[in-house]
Amino acid sequence: GAADRVLDWKMPDGLLDRQSLIYQFMARPPARFGGSLWLSDGERHLKYVYRPVGFDALPPGIPGLGQALKLEIRAAEDAGEELVELWLLPDRHYLPVRVRYTDSLGKVTEMVATSFDFKE
């Protein structure tokens, strides 16, 4: 049956899952003018493009760490209106402080850091 079927498939190089995307730029800082990466949701994989769109104030409760670099990430090919927005701290190895995901139906899910405790 279908459960017995063996698939012989090579994972494409550089493929990230959506959770790994949040921390991707800590390991590899974003390019100044944007770039691309491959993401998977477990069923399909798509090429996404990102671009810096400026700097924003940090979320309330996180004072004294400068401003956050905001990135917008969208599917390279027309995949609806899905959008991932990341706010990263350049001075802290691009640590994410805010993530906003808007799905193709317009539903918004957001995660925001409320505090940090750094030990130098």
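With sequence neighbours excluded, no residue forms a side-chain hydrogen bond (donor to acceptor under 3.5 Å, both in side chains) with Asp103. Not a single salt bridge (charged side-chain N to carboxylate O under 4.0 Å, His left out) links Arg28 to another residue, sequence neighbours left out. Applying the side-chain hydrogen bond (donor to acceptor under 3.5 Å, both in side chains) test to Gln67 and every residue at least two apart in sequence or in another chain returns nothing.
We find the CG-CH2 distance between Leu95 and Trp87 to be 15.0 Å, quoted to the nearest 0.5 Å. Rounding to the nearest 0.5 angstrom, the gap separating the CD atom in Glu82 from the NZ atom in Lys107 is 13.0 Å. Here the straight-line distance linking atom CZ of Phe55 with atom CG of Leu88 works out to 10.0 Å at 0.5 Å rounding. Rounded to the nearest 0.5 angstrom, Tyr94 OH and Leu69 CG are separated by 6.5 Å.
Put simply, Tyr101 and Met111 are part of the same group of oily side chains (I, L, V, M, F, W, Y) that touch within less than 4.5 Å, one to the next. Placement of Val53 and Val97 in two distinct hydrophobic clusters is found when ILVMFWY residues are connected by side-chain heavy-atom separations under 4.5 Å, directly or transitively. Residues Leu83 and Leu86 do not share a hydrophobic cluster, clusters being chains of Ile/Leu/Val/Met/Phe/Trp/Tyr side chains in contact below 4.5 Å.
Note on Glu110 versus Arg98: salt bridge recorded, some NZ/NE/NH1/NH2 to OD/OE distance being below 4.0 Å.
Residues Pro52 and Glu72 form no side-chain contact, since every pair of their non-hydrogen atoms from C-beta on lies 4.5 Å or further apart.
Using modelled atom types and a 3.5 Å distance limit, the side chains of Gln24 and Tyr50 yield no donor-acceptor pair.
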